[in-house]
Every structure is written in structure tokens, then in C-alpha cells.
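Chain letters run A, B, ... following the sequence lines, proteins first, then strands; residues in each count from 1.
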Amino acid sequence: MPLYHDDDQAMLADSARQFMAEEGSIKKQLRHWRDRDCKDGFGHALWEQFGEMGFTGILVDEDDGGLGMGHVEAGIVLEEIGRNLTPSPFLTSSVLAATALKHGGDDIKGRYLPGLIEGKSVFSVAIDEGPKHRPETIRTRAEKSGNGFRLTGQKDFVLHGASSDMLVVAARTSGSDDEPEGITLFAVPKDAANMSHDAVRLVDSSMATHTKFDGVELDGDAVIGEVDGGREILNAMLKAGRVGAAAEGVGVAGGAMDMTVDYLKQRKQFGKLIGEFQALQHRAAHLYSEVEIARAVVVKAQQLLDGDSEKADLMSSVAKAKVSQAAGLAVREGVQMHGGIGMTDEYDIGLYMKRDRALSEYLGDAYYHAGRVAELSGY
Amino acid sequence: MPLYHDDDQAMLADSARQFMAEEGSIKKQLRHWRDRDCKDGFGHALWEQFGEMGFTGILVDEDDGGLGMGHVEAGIVLEEIGRNLTPSPFLTSSVLAATALKHGGDDIKGRYLPGLIEGKSVFSVAIDEGPKHRPETIRTRAEKSGNGFRLTGQKDFVLHGASSDMLVVAARTSGSDDEPEGITLFAVPKDAANMSHDAVRLVDSSMATHTKFDGVELDGDAVIGEVDGGREILNAMLKAGRVGAAAEGVGVAGGAMDMTVDYLKQRKQFGKLIGEFQALQHRAAHLYSEVEIARAVVVKAQQLLDGDSEKADLMSSVAKAKVSQAAGLAVREGVQMHGGIGMTDEYDIGLYMKRDRALSEYLGDAYYHAGRVAELSGY
Amino acid sequence: MAEQLESFRKETRDWLEANCPPEMRQPVRDEGDVYWGGRNATFKNDAQKQWFEACRDKGYTVPDWPKEYGGAGLSPAEAKVLRQEMAAINARPPLSSFGIWMLGPALLHFGTEGQKQRFLNEIARGEIRWCQGYSEPGSGSDLVSMQTFGEDKGDHWVVNGQKIWTSYADEADWIFCLVRTDKDDKYKGITFMLFDMASDGVSTKPIKLISGNSPFCETFMDDVKVPKSYGEDVPGYVGEINRGWDVAKYLLGHEREMISATGGGDRATSLGAATSRQGELDPVLRAQMALFDIDALSFTAMSEKFMDELKAGKGHPAQPNMLKYAGTELNKRRNELMMSAGGSTALEWESEETSGGKTARGWLRTKANSIEGGTSEVMLNVIAKRILELPGA
Amino acid sequence: MAEQLESFRKETRDWLEANCPPEMRQPVRDEGDVYWGGRNATFKNDAQKQWFEACRDKGYTVPDWPKEYGGAGLSPAEAKVLRQEMAAINARPPLSSFGIWMLGPALLHFGTEGQKQRFLNEIARGEIRWCQGYSEPGSGSDLVSMQTFGEDKGDHWVVNGQKIWTSYADEADWIFCLVRTDKDDKYKGITFMLFDMASDGVSTKPIKLISGNSPFCETFMDDVKVPKSYGEDVPGYVGEINRGWDVAKYLLGHEREMISATGGGDRATSLGAATSRQGELDPVLRAQMALFDIDALSFTAMSEKFMDELKAGKGHPAQPNMLKYAGTELNKRRNELMMSAGGSTALEWESEETSGGKTARGWLRTKANSIEGGTSEVMLNVIAKRILELPGA
């Protein structure tokens with residue numbers, strides 16, 4: 001498959017670009033909700049519009065009422081989300097949770113997918129335990145209890161945790177903390193007793209929770225897939241999530257870069273447009289190259305994932321790491337080249353820096369994925 | 001002690017600078033010997049001149065006929081050696097071996113120091129085993145044999161090995177390969193039976209050997225210091241060697257940088273001196289800062305070493321690593337900014353790149369020392 | 001000489017023991033712990049008041065200023081002893097002010113005797129709080145292109161324009177301010193004026209930063225009357241009329257030294273060691289930490305070396321530029337790594353656990369380091385021109 | 001269509017099976033394995049001769065050139081099949097030449113029918129070996145400032161000057177050479193001339209590189225007579241007189257694409273995996289390897305993407321500049337890391353163990369990557385101007 005968008009994908013990109021620029025703009029969404037100290041960190045009305053656009057069900061099979069598209073298409077939406085810093089539960093609901101539900105039975109799909117597709121339901125995923133992403137270790141335990149399970153433990157960095165209708169929780173049903181096997185995924189409804197959220201606002205104004213499961217009783221039908229068979233689903237979720245976050249990151253990088261290049265063409269100092277200074281030109285040109293490289297590897301990883309390739313795992317980590325590096329460069333250069341006003345809350349460039357930081361950390365930072373690349377490559 | 005040279009040191013620096021520029025120049029020494037395919041890789045006459053200048057005995061105690069100076073002074077000579085790429089056995093003989101001999105008895109000192117001070121003897125040190133510097137592991141064994149020892153093993157990257165009158169060899173007299181203790185240092189004379197050198201020319205035109213000890217019989221008086229007490233001496237040698245190599249590296253960096261800055265002021269392209277291009281100006285200014293930072297940390301490490309500070313070990317690794325990074329930048333920027341002619345053998349800038357590479361590797365590269373910094377700092 | 005110093009050290013120790021209350025022997029935790037002085041100043045507690053007054057009376061708010069201007073007239077060696085002894089007991093600065101850091105040095109160098117008598121004493125006694133009016137929205141790196149204009153009306157100017165990045169303008173009593181007084185000469189057309197922030201026509205507006213609320217303000221001047229004289233030998237400007245750029249340059253150099261002196265963050269500690277206490281470091285992050293620590297420890301050595309050279313009169317005038325460039329870039333990198341080590345906890349913006357997002361806000365705040373007091377790009381230009389003597393524009 | 005291709009694939013496979021000797025199915029190990037053709041060419045062995053002649057007769061030395069010029073007239077799709085099938089059996093290129101890579105494309109685009117008939121056939125049949133005369137000692141990045149001058153003498157020019165970086169000038173039969181023919185117009189005063197290296201007044205001198213001996217030469221022209229015509233419809237220059245810069249620019253773009261296509265080194269393998277086979281990696285070096293592998297794998301994706309876009313006519317004209325910039329910088333970094341992994345063994349310059357310092361020489365050779373075919377600085381200028389449309393000089 002050529003590494004560019006086919007005609008259908010280009011059409012989707014056009015409509016996503018237009019929609020997000022109009023409805024999902026920084027002014028209309030991110031600043032709006034942030035300045036009102038919104039406890040969700042995003043707008044439910046916009047989420048319903050996502051549903052109307054069909055975005056919510058991009059990765060859901062047609063048989064289940066979705067569009068049955070792939071990660072290239074999901075990435076198209078995510079890149080525009082990134083470019084406009086649009087706050088939404090798309091990544092957690094339509095990518096991560098949707099990937100989990102793909103592995104569930106008809107019953108659980110029927111329970112949750114219609115709400116997702118309509119943009120009425122918000123889903124979260126609870127994977128991390130502790131401040132760094134280490135999905136190899138799962139300590140949260142689900143013990144047999146009656147004909148169901150009893151969930152005990154704590155999850156961190158649960159994006160939209162307090163706003164979600166259902167949380168996909170990775171818990172251990174057997175084995176020791178570091179064992180690959182023995183993981184089961186549960187769909188925990190928001191009204192589950194003994195589940196509590198400590199919601200905190202993050203640097204990018206999104207909301208995340210430390211979520212406690214203090215003996216949460218779950219029916220057997222809360223299990224997604226098979227008992228003890230969750231690791232494979234979790235891996236699928238992580239691959240999808242990394243590639244999705246990387247696509248969003250390319251949007252963040254591109255948005256920050258475009259703002260900055262525009263600024264270089266407007267701001268004058270020493271009687272010249274600052275974009276005339278060769279030192280800044282070379283830095284901008286280097287940045288452009290890095291962003292283009294990041295953009296390319298994301299498409300590559302998306303296609304590998306859509307093609308169910310063995311290389312998708314490696315390339316999902318490569319993509320996540322590369323985007324993190326390129327977007328980090330984009331926002332740092334962006335803020336520096338904007339000079340003093342880049343430091344003010346009034347200008348948007350700082351918002352890109354904040355989002356990049358949170359997104360880079362989500363599902364593993366560049367250092368984590370570099371280690372993964374080394375391990376997967378056998379060194 | 002202030003971090004600059006006092007009056008005596010400044011005088012020494014003046015005379016070293018003048019001497020090395022005149023007698024140790026690239027044309028007179030490095031290219032001269034290289035183009036004649038000299039099997040020593042350096043000139044013995046120059047080494048005797050080092051002796052006449054008093055350089056050879058800088059670190060040797062006055063009681064033993066030396067100047068009794070410190071690492072700041074040795075570093076002054078080394079920086080000029082670096083700046084002129086002067087091939088000489090100064091680092092191995094007057095720094096590493098001299099540090100070892102400091103820990104020896106009067107007998108061994110009497111045997112070797114006069115020749116060193118006169119610039120008539122050349123000493124090598126045999127530490128590394130394998131392509132990377134890993135002095136924590138010593139596999140070469142010295143077993144009791146009669147009233148002496150029998151040495152078996154192989155050492156690599158022995159600079160000037162085939163030209164040396166005596167080799168300081170670190171060998172294991174007890175314990176297993178990775179144990180800190182159980183090391184003894186031996187002064188092995190050049191005519192020792194069953195010692196063989198495989199001499200190879202290195203990228204910087206210096207000569208190094210793979211040296212084999214195939215049951216070399218040594219008298220007990222070949223031991224430097226105490227049997228099984230060599231680790232401490234070895235550590236002292238390594239600290240001195242790292243700081244010395246770092247000082248030489250500052251000279252290499254400074255020489256490459258100065259050549260490059262001069263070139264920026266001479267070469268015209270697009271109707272301008274290329275030094276007028278801001279992108280190159282900023283890179284040159286960044287490089288200058290890095291070289292100054294490297295220069296400062298070397299003086300700091302020298303003073304700590306001379307003051308026998310506990311911090312000297314950490315800072316010797318910091319200095320070696322920092323210089324390696326700064327000098328690497330200097331030679332890479334130097335070659336690139338020289339453009340096509342920088343790639344030709346006719347111009348000297350490439351010689352700086354070659355020396356930097358060999359010097360960076362000697363006694364541990366930046367990565368090795370970064371790991372050491374982390375360990376010594378407890379992480 | 002050394003004996004005299006030792007006896008001074010003994011005296012100082014005794015004096016500090018007697019005068020510095022225990023509450024003032026703790027590191028400054030937040031803005032509330034800093035005493036800025038000024039017309040409207042209030043003390044946070046009795047200890048702060050007691051400590052300030054003891055220092056003021058002893059001349060220790062500005063120990064190395066001459067006694068006649070409110071200082072203690074200490075020699076550099078004595079001032080160093082005092083700093084060491086204060087550091088030894090963690091004594092807080094009794095008074096912080098841009099008057100001490102910025103205007104004072106300018107007046108000591110350029111001021112008239114009358115200005116020194118009045119303004120330095122006011123500063124030393126914490127009576128007047130000053131702010132600084134340099135940058136304008138259109139004039140950042142290219143400061144000399146500033147447009148705020150003072151029309152000459154004989155015995156006064158009428159000033160119109162806008163300044164930006166005036167720290168604490170909303171709390172300051174007076175401002176020292178660059179004003180264009182000759183539109184025909186870029187460099188020799190600026191006057192370094194002094195005026196009361198309570199003057200008619202002065203208004204301020206705080207600037208919110210990406211790191212949150214900040215001391216920075218925009219300051220607007222709308223037909224502000226600035227007298228040319230505040231009395232005998234007390235001109236309303238520093239140096240000569242139209243030669244304020246000389247004063248400004250002198251102060252910029254001073255500011256860069258100050259900023260570079262704090263660059264690189266807390267140099268005594270290894271970043272890797274500090275962050276690894278939060279949990280095991282990822283191996284790749286550990287490698288980056290080690291490479292950072294090497295750079296940071298090396299930078300500290302250069303910083304020390306320059307200070308030593310400066311004291312010995314061996315310093316190169318462009319050295320502060322290098323310190324500022326390298327120090328601020330390093331500090332940004334340090335904070336990036338701290339964020340990485342902190343993971344999702346470090347992302348928290350308002351939580352109690354993070355004291356209101358301290359790590360994240362600190363990280364964002366460091367991004368200004370390479371802009372304020374001269375951008376990294378300007379520093380590199382200066383190094384290229386002044387040290388390397390590279391040609392051309 | 002697909003069926004036709006499949007039948008072509010089958011034929012090709014059979015043809016290769018029958019015509020490519022086993023000795024030619026091994027990777028090229030050194031210069032001796034390359035057949036460059038030319039007047040004085042000799043074959044290393046029978047297999048090389050047999051393989052070359054089979055390809056020459058089939059038009060497979062230049063498979064996508066038209067049959068009348070010595071090619072096989074393959075469509076792009078067929079040429080790709082041939083490349084794939086040759087790669088599948090590791091078949092060596094039957095003929096290497098700057099005529100194929102550089103002059104050929106220029107003649108196909110700018111040449112007269114007579115030039116194509118003569119020169120393309122000579123190239124395709126390996127009869128004439130060409131070299132390239134572009135750079136001069138004073139004209140590197142600023143190529144258009146070149147000074148080699150051709151004085152117009154009616155039916156010929158008399159050329160004087162010096163070229164540098166003429167690869168294999170000492171072994172080439174003819175040269176395509178940029179010569180100034182009008183001193184008044186920088187761009188429109190250059191002619192793209194063709195002449196015999198055996199002409200009176202041409203001399204060459206090899207250039208030794210930091211990596212050792214090299215194919216590069218200096219070429220001196222001392223009153224060299226270059227005819228304006230070599231016969232009917234065969235001008236002694238390509239394109240128009242004084243418009244050789246158009247030809248040069250076209251070829252520079254072509255060269256950058258070629259260099260960038262090989263940039264980044266062997267992309268299929270992980271550097272970390274390859275080097276860790278030599279022994280356990282230091283943890284900090286391992287981290288740098290992993291960060292490199294991420295960049296290299298990502299670059300490969302971009303490279304692939306651009307090729308796909310190019311084929312689909314979606315490419316941006318400045319993309320080769322980006323590929324060249326990023327690819328060559330990456331290749332330099334790759335070789336630095338390889339040297340680090342190799343340790344003191346990699347430093348060896350002449351030892352047998354290192355095949356005569358292969359790692360070290362290869363490392364040094366990569367330093368030219370970011371200079372030849374346009375420096376990284378020129379690439380960044382082009383990206384800034386042509387893609388980002390930044391203003392000014």
C-alpha cells in the first residue's frame with residue numbers, strides 16, 4: 001500500500017480538517033472549557049457531533065454499527081484533534097476502548113457500542129499503576145467472588161476517568177505482578193460500588209483520575225474476552241493507542257510548527273522579519289524535516305497495524321517515540337521563537353507545549369519506547 | 001584554589017605552547033612520521049627534548065628527580081600536545097606509568113624513573129582486554145611461580161606497546177575475573193620472554209599493540225606496590241589518565257575550533273565570508289561555549305586530583321566524558337564547515353577528527369563514563 | 001588582613017546569632033516569604049519585621065554599599081564572609097528589590113550625589129519599591145528600537161507608550177524606565193527616566209504566563225508627566241539626557257550576570273540521583289540523566305571559573321553571555337528531564353500532592369529563561385561577534 | 001496488465017537464470033567487482049564479461065532507456081520487475097557509469113537526436129566512460145560562481161581552469177563539464193560542454209581523502225580546445241550555449257535524489273541489533289543506539305513515502321533536499337555509533353582483522369555525505385525557502 005492517503009482517506013481528511021477547525025478550535029473548545037474550569041475537560045456536545053460525523057465508530061466493525069475503517073482513518077481524525085488541541089474522549093473511547101470491545105462478546109458490544117457510536121457514551125481505560133507507564137506489571141487484582149469478581153487496586157493517569165460511563169480495567173486474575181499472563185480486562189460501569197475517583201486537572205487542562213477499586217463487585221459478564229486472556233487484548237489496545245497518540249502528536253507538532261513559521265513571517269526585530277535570520281531558518285527547516293519524518297512513520301505504523309503485520313508492535317513504539325521527539329522539538333522551538341509572548345497564556349503556542357507533554361507521557365514516553373525498541377530488536 | 005592558572009602555571013603554559021608549536025607541530029611530527037610509516041608513531045628525538053624541557057618528570061616527586069608538580073601542570077603540557085596533535089608517549093609514560101611508579105618501592109623507581117625523566121625510556125600501560133575499556137574486569141592472570149610470577153593473558157589497545165621499554169601490566173593474582181580485589185601491577189621489561197606484540201596502526205597514525213603474555217616469568221621485584229594491592233594503584237592511574245586524556249582533548253578541541261573559526265573568516269561563498277552566515281555563527285558560538293565548559297571542568301578535575309579530593313574520581317569521569325562530547329562536536333563541525341577540502345588528507349582538520357576519535361576511546365568513551373557518573377552518583 | 005577577616009567573621013556570627021530569628025533561618029518557600037519593602041509593604045510576621053529592621057539598621061540590606069547611602073560599607077572580602085555566614089544558618093535575605101539589584105548599581109555608577117543620597121537610602125531602607133520599564137511589545141531582542149516617547153516640555157517630559165515584562169509593576173512605587181527623547185538617533189535618543197507609578201496616566205495590567213499567574217505586567221503610559229528634576233542635584237533621569245542606552249547596556253550586562261549566576265539550577269545535586277529517589281529510572285532515561293549530569297557539573301565548573309577570573313580581573317566581558325546561554329539552556333533541559341522522571345504525577349496542575357503543580361509550573365517557567373534578559377539567540381550573536389570576532393551582520 | 005507483468009516476470013526470471021553466471025550473483029565486495037566500461041576497460045574475469053555482454057545485447061545495462069539508444073525500452077513497471085528479480089538473485093549491476101546515472105538523464109531531457117544516437121548508445125554499450133566537471137576550488141556550495149572559462153574562437157572554445165571532485169577523472173574517457181562562456185551573466189553564462197579527456201591540455205591529479213585513497217581528482221584545463229560540433233546534429237555541448245546552468249540544476253536534483261536514496265545506510269537492519277552481536281552493549285550506548293534506530297526506521301518510512309508520492313506525481317520538488325539532509329546526517333550518526341560499538345578494534349587502520357580499517361575508513365567517508373551533492377546547509381536553505389517560504393536571503 002502506498003504511504004499516502006487514497007482518495008477516500010483524503011476526503012475524510014478534508015472533512016475532519018474542516019470540522020475540527022470550525023467546531024473543535026482552541027477558542028471554542030480548549031480555552032472555553034478550561035476557562036470555565038469544566039470538570040470534564042471537554043464538551044459533551046462536541047462529542048455528540050463526533051458521533052454525527054461518524055468519527056466515534058471509525059474503528060468499530062460495520063456489523064456492530066460502526067464504519068469498519070482502520071487506524072489510518074482514525075489517525076486522520078486524531079491528527080486534526082492534535083492540530084486544534086481539541087479536547088475529546090476520542091482516543092480513550094474510540095481507539096482504546098473500542099479496540100478492547102472488538103474482542104468482547106456480542107452481549108458486551110451491544111451494551112456499550114451503540115452509546116459510543118452516538119457520541120453519548122464516554123469510555124476510559126485504566127492501565128497505568130504509578131506515575132510511569134509500565135503495562136508489563138499489573139498489580140490490581142480481580143478475585144473470584146460468587147459468579148463474578150471482586151476488584152481491588154489503584155489505577156493512575158486514567159484520562160476522563162470521572163466523566164466516563166465505563167472503564168476498561170486491566171486486572172490480574174492469576175499469577176504474580178510481573179507475569180505476562182493472568183490478566184483479564186473488565187468493563188466497569190461508572191456506577192460500580194466501591195470505585196472512587198480522585199480527579200485532577202493536568203497541565204494540558206484535561207482531567208485524569210487516580211481511581212481506587214476497593215472491592216468492586218463485578219458480574220461475570222463484565223469480562224471482555226476470556227478470563228486470563230486479557231494480555232493479548234491489552235497489547236492490541238496498546239498498539240492502537242500508541243499509534244493513535246502518535247497521530248495526534250503529529251497534529252500537535254504540525255500545529256505548533258505552522259504557528260511558528262507564520263510568526264517568523266510576521267515578527268520584525270532589528271529591522272527585519274525574524275524569518276530572514278538564517279539561524280532561525282535552518283532551525284525551522286530542521287524542524288520541518290523532523291515533523292515530516294514523524295508523519296511518515298505514523299502512516300507506516302498505521303498501515304502495518306491495519307495489515308495485522310508482525311512488525312506493527314515494533315513500529316508502534318518507533319512511531320510513538322519519534323513523534324514524541326519531533327513534537328517536543330516543535331513546541332520547544334515554537335515557544336522559543338515566539339520570544340516573550342510565547343510565554344504568555346494569551347498566545348496559543350504554550351498550549352501546544354502543554355498538550356505535547358501530556359500526550360508524550362500517555363501510553364509511554366520516548367524513553368520507555370526506546371527501551372522497547374531495543375528489546376524487540378534483541379539488544 | 002581559583003580555577004585559573006597561577007603565574008608559574010601561566011609561565012609553563014607559555015613555554016609549552018611555544019615549544020609544541022615549534023617542535024611538535026603537525027608538519028614536523030605527526031605528518032613527518034606518518035608519511036614515513038614510522039613503526040613507533042612518534043619521534044624519539046622529540047621525546048628527549050621533552051626530557052630537556054622537564055616535561056617528562058612533571059608528575060615525578062622531586063625526591064625521585066622529577067619536578068613534583070601536579071595534574072594541572074601535566075595538563076598544561078597535554079593541552080598543547082592536543083592542540084598540535086603531537087605524537088609522543090607522554091600520556092602513557094609521564095602520566096599513567098609515572099602514577100603507577102609513584103606507588104612502587106625505591107628499587108623499582110630507581111630502575112625506571114631516571115630513563116623516563118631523561119626522555120630516553122618509553123613506558124606503556126596494559127589495562128584493556130577486548131575492544132572496550134572495562135577495567136572492572138581483569139582476566140590476565142599472574143600465578144606464583146618460584147619466587148616470582150608467571151603471567152598469562154592478552155591485553156589490547158596498548159599504546160606504544162611495541163616501542164616501550166617497560167609495560168605496566170594489570171593482572172589478577174587472586175579472585176575471579178570481575179572481583180575488585182586481587183589485582184597486582186607488574187613492571188614488565190621489554191625483553192621479557194614469551195611476551196609478543198601484534199602492533200597495529202590506528203586511525204590517528206599512532207601505534208598500539210595486542211600484547212600476549214604466554215607464560216611470562218617475572219621476578220618478585222617486578223611487582224609495583226603490594227601483591228593483591230594493585231586495584232588502588234590502578235584506580236589512581238585511571239583517574240590521572242582520564243584527566244590527562246581530557247586535557248589533551250581540550251587541546252584537540254581548541255585546535256580544531258581555532259582552525260575552523262579562521263577558515264570561516266577566509267572562505268567566501270555566495271559573495272560573502274561564510275563566517276557572516278548567521279547559522280554558522282550560532283553553531284560556532286555554541287561550539288565555543290561547549291569547549292570553554294570542557295576546559296573549565298578539566299581544570300576543576302585536575303585541582304581536585306591534586307588536592308586528593310574524594311570528588312576527584314567522579315569529576316575525572318565527568319571531565320573525560322564532557323571533553324569527549326565537546327571535542328567530538330568540534331571536529332565534526334570543523335570538518336563540515338571546511339566543506340570539501342575538509343575531507344582531503346592535505347588539510348589538517350581531518351587529522352583532528354582522527355585523533356579525537358582515538359583519544360575519546362582511550363580509557364573509556366563518553367558512554368562508559370556517563371554510566372560511571374550514574375553509578376558513582378547512586379543511580 | 002586574614003586576622004581582621006576572622007575577627008569580622010566572629011562578630012558577624014555573633015550578630016546573626018543575636019539578630020536573626022529562628023523563623024528567618026529557613027529556606028524561602030514561596031512568594032509570601034519574600035519581603036520587598038515599599039510604601040505599602042506589610043510584614044508577614046514579627047520575625048520578618050524584626051530581621052528586616054535589624055539588617056536595615058546595620059546596613060545589611062545592602063552590605064557592600066557605602067554607609068552614607070544606607071549600606072554597611074563592607075569590603076568585597078567582608079561581604080563574602082557575611083554571605084557565607086548567612087548561608088551557613090540559612091538566613092533569608094532581609095529585603096529583596098529591583099532597587100538593590102538593578103537601579104542601585106546603575107546609580108552607584110551613573111548617579112549624581114543627590115540621587116545617591118536620596119534614592120539609594122530609600123532603597124536600602126526598603127521605603128520605595130522599584131520596577132523596571134525596558135521591553136515593549138515591538139521591542140524585545142531589538143530593545144533599542146523602543147518607541148515609548150517623552151515629549152520635551154521644558155522642565156518636564158510628557159511620556160506616552162507601553163512597556164511589557166515590568167515585574168511587579170502593580171505593586172511597585174516607582175519605575176526606572178527607558179524613554180525615547182530623540183527620534184532621529186536610535187542609540188543616542190533614549191533617556192533613562194525615574195518616576196512615580198502613582199503619576200497620573202500610569203496604569204498596569206498583569207500578564208498571565210503559561211506557567212500561571214506571574215509578577216509580570218504590562219504598563220501603559222498615557223500623557224504621564226515626568227519632571228526633569230526632583231530637587232537640587234536630583235535629576236529625574238540617570239546619566240545624561242539621550243544617553244540612557246549607556247545605562248541600559250550597563251544594567252543588561254549586570255542582569256545577565258545575575259541570571260547566569262542562577263542558571264543550571266541547583267548545581268550541588270545530581271539530577272539523576274535526585275530523580276531516582278522517586279522510583280527506578282527507565283534505562284534510557286537514566287542514560288539521558290547521566291549525560292545531563294555531566295553537562296551540568298561541567299557547567300558549574302565553568303561558572304566557578306568565570307567567577308574566579310572575574311574577581312581576579314581576568315574576565316572577558318562577553319563571558320556572562322556564555323554563562324547565560326549555556327546556563328539557561330541547561331536549566332530547560334534539566335526541567336524536561338524532571339518532568340519525564342515525574343511521569344503522570346508531574347503533569348498534575350492543581351493537585352495537593354504536587355503543591356499545585358509545582359513541577360509542571362516550574363518546568364514551564366524555565367522556558368522563559370532563554371528569553372528574559374536577552375534571548376539565547378542574542379547571546380550566540382554576541383559570542384560570535386565579541387569573542388570569536390566573526391565578520392558581518 | 002497484471003497478467004502481462006507476470007508473464008514478463010517469468011521471462012525475466014528465465015532469462016536471468018540462463019544469462020547471469022553464479023559468480024555475478026554475489027554482492028559487490030570492492031571496487032574490483034565493479035565494471036565501469038570505457039576505452040581501456042578490462043574484465044576481471046569471464047563471468048563479468050559474459051554478464052555484461054548479455055545485458056548489453058538485451059539492453060539491460062540501461063533497461064528503461066529507449067531501444068534505439070541502447071536500452072530495452074522497459075516501462076516503469078517492467079523495470080521494477082527486473083530490479084526485483086535481479087535483487088532476488090543478488091545479481092550485480094552489469095555496468096556502472098556516470099554516463100548512465102548523470103549524463104544519460106541530461107541527454108534524454110536536453111540532448112539533440114544526434115547526441116542521443118551517438119552518446120547514449122556509447123554509454124549503454126559501455127564504450128565510453130564519462131566523468132563530471134562541476135565544482136572548483138573556489139566554487140563549492142556556490143557552484144554558479146565557477147570561473148573555468150571557455151573563450152569563443154568561432155567553431156570551438158579554448159578552455160582554461162580547474163575542476164575538483166571529478167570522480168575517476170584519471171580513468172575516464174570523456175568529461176561533461178560546466179564552463180563559463182559569458183562573464184557578464186552569472187547564471188546565463190555557463191555552457192555544459194562535452195569533450196575528450198585525451199585532448200591536449202587536460203591533466204588530472206588524484207585527491208587523497210581523510211579516509212584514504214579516493215576516486216576523486218583535480219582536473220586541470222590548460223588551453224583545451226573544445227569543438228562546438230562533433231558532426232551533424234551532435235553539438236559539443238548540451239542544451240543551449242550559455243544555458244548550461246539549466247542542465248546542471250536538473251542534474252543536481254537528480255544527484256540529490258540518488259544520494260538520498262542511499263542515505264541512512266542499510267535500513268533493513270537495526271543498528272543496535274547489529275552492533276550488540278559484537279559483545280554486550282554499554283547501557284548508555286544502548287540507549288543512544290535505540291534512539292538512533294527510532295530515527296533511522298522513521299527516516300526509512302519517510303523515504304518510502306516520498307518514493308510512493310513521487311511515483312504518484314504527488315511529490316514536492318524540494319523533497320529530495322529533505323531526504324538528502326536527513327539521510328546523510330543520519331548516516332554520519334550511524335557511523336559514529338558503529339565506531340563507538342567497535343571500540344579500539346574499530347580504530348585500527350591497516351590491520352587484517354578490520355580488512356584494512358574498513359569501519360574507520362567507512363566512518364570517515366560518511367563525513368563527505370553532507371557535503372557532496374549539496375551541503376546540509378544548502379539543503380536547509382532550500383527547505384526554508386522552497387517549502388517553508390521563509391523570507392529574505
Side-chain angles (χ1 to χ4, degrees), chain A residues 37 128 130-134 156-158 198-206 208 210 267-272 274 277 279-280 283 321 328 331-332 335-347 349-351 353-354 357-358 360-362 364-374, chain C residues 135 137-145 164-165 207-214 216 278-288 332 336-337 339-354 357 359-361 363-365 367-368 370-372 375-378 380-381 393:
Chain A
D37 208 15
D128 289 1
K132 297 300 285 186
H133 179 67
R134 295 286 177 273
D156 301 301
F157 205 3
V158 183
D198 173 17
V200 289
R201 188 171 300 284
L202 302 185
V203 65
D204 65 341
S205 305
S206 68
H210 302 284
R267 169 78 172 174
K268 274 195 171 185
Q269 286 286 274
F270 304 106
K272 281 190 195 180
I274 60 174
F277 288 100
L280 297 191
R283 282 160 55 184
V331 299
R332 289 194 305 274
V335 167
Q336 177 68 20
M337 291 188 188
H338 271 79
I341 63 152
M343 289 300 301
T344 63
D345 184 69
E346 199 184 332
Y347 275 72
I349 188 71
L351 300 174
M353 179 170 269
K354 293 173 173 183
R357 181 39 87 171
S360 267
E361 192 64 41
Y362 194 57
D365 64 10
Y367 305 127
Y368 169 77
H369 286 292
R372 234 180 146 257
V373 166
Chain C
S135 297
S139 305
S141 289
D142 184 15
L143 187 56
V144 79
S145 70
I164 195 169
W165 308 120
I207 299 172
K208 193 173 171 191
L209 291 185
I210 56 176
S211 48
N213 293 327
S214 84
F216 296 111
Q278 298 168 17
E280 209 190 325
L281 284 175
D282 170 281
V284 182
L285 178 56
R286 172 182 176 271
Q288 306 309 308
K332 290 194 295 181
E336 290 284 346
L337 289 169
M339 287 299 289
S340 291
S344 57
T345 307
L347 297 175
E348 299 186 4
W349 190 244
E350 286 166 349
S351 67
E352 258 183 58
E353 196 191 339
T354 62
T359 310
R361 289 170 196 269
W363 159 66
L364 287 164
R365 182 61 183 80
K367 298 302 174 190
S370 51
I371 298 166
E372 57 204 350
T375 63
S376 283
E377 289 76 15
V378 167
L380 290 171
N381 283 341

Residue among Ala287(C), Ser344(C), Pro137(C), Gly212(C) with most heavy-atom pairs under 4.5 Å to chain A: Ser344(C)

Chain C contact via Ile349(A) - side chain, backbone, both or neither, heavy atoms under 4.5 Å: neither

Ser370(C) and Gln336(A): side chain donor to acceptor below 3.5 Å: yes

Most chain C-contacting option - heavy-atom pairs closer than 4.5 Å, from Arg332(A), Glu346(A), His133(A): Arg332(A)

Pairs of heavy atoms under 4.5 Å with chain A: top-ranked of Ala360(C), Ser139(C), Ser145(C), Ser351(C): Ser139(C)

For chain A, the option from Glu353(C), Glu352(C), Gln288(C) that forms the most heavy-atom pairs under 4.5 Å: Gln288(C)

Part of Val200(A) lying under 4.5 Å from any heavy atom of chain C: side chain

Glu348(C) side chain vs Thr354(C) backbone, donor-acceptor pair below 3.5 Å: no

Lys/Arg N to Asp/Glu carboxylate O, Glu377(C) vs Arg283(A), below 4.0 Å: yes

Set of residues satisfying ring-ring contact (aromatic ring centres under 6.0 Å, His included) with respect to Trp165(C), sequence neighbours excluded: Phe216(C)

Best-contacting candidate, Ser360(A), Pro131(A), Ala358(A), against chain C by heavy atom pairs under 4.5 angstrom: Pro131(A)

Most chain C-contacting option - heavy-atom pairs closer than 4.5 Å, from Lys132(A), Arg357(A), Arg201(A): Arg357(A)

Close side-chain approach of Tyr368(A) and Arg134(A), heavy atoms under 4.5 Å: yes

Beyond-backbone contact of Met339(C) with Leu347(C), side-chain heavy atoms, under 4.5 angstrom: yes

Tyr362(A): ring-ring contact (aromatic ring centres under 6.0 Å, His included) partners, not counting sequence neighbours: Phe157(A)

Residue Ala370(A) versus chain C: region with a heavy atom under 4.5 Å: both

Structural part of Ile164(C) lying under 4.5 Å from a heavy atom of chain A: neither

Top of Lys268(A), Arg267(A), His210(A) for chain C proximity - count of heavy-atom pairs under 4.5 angstrom: Arg267(A)

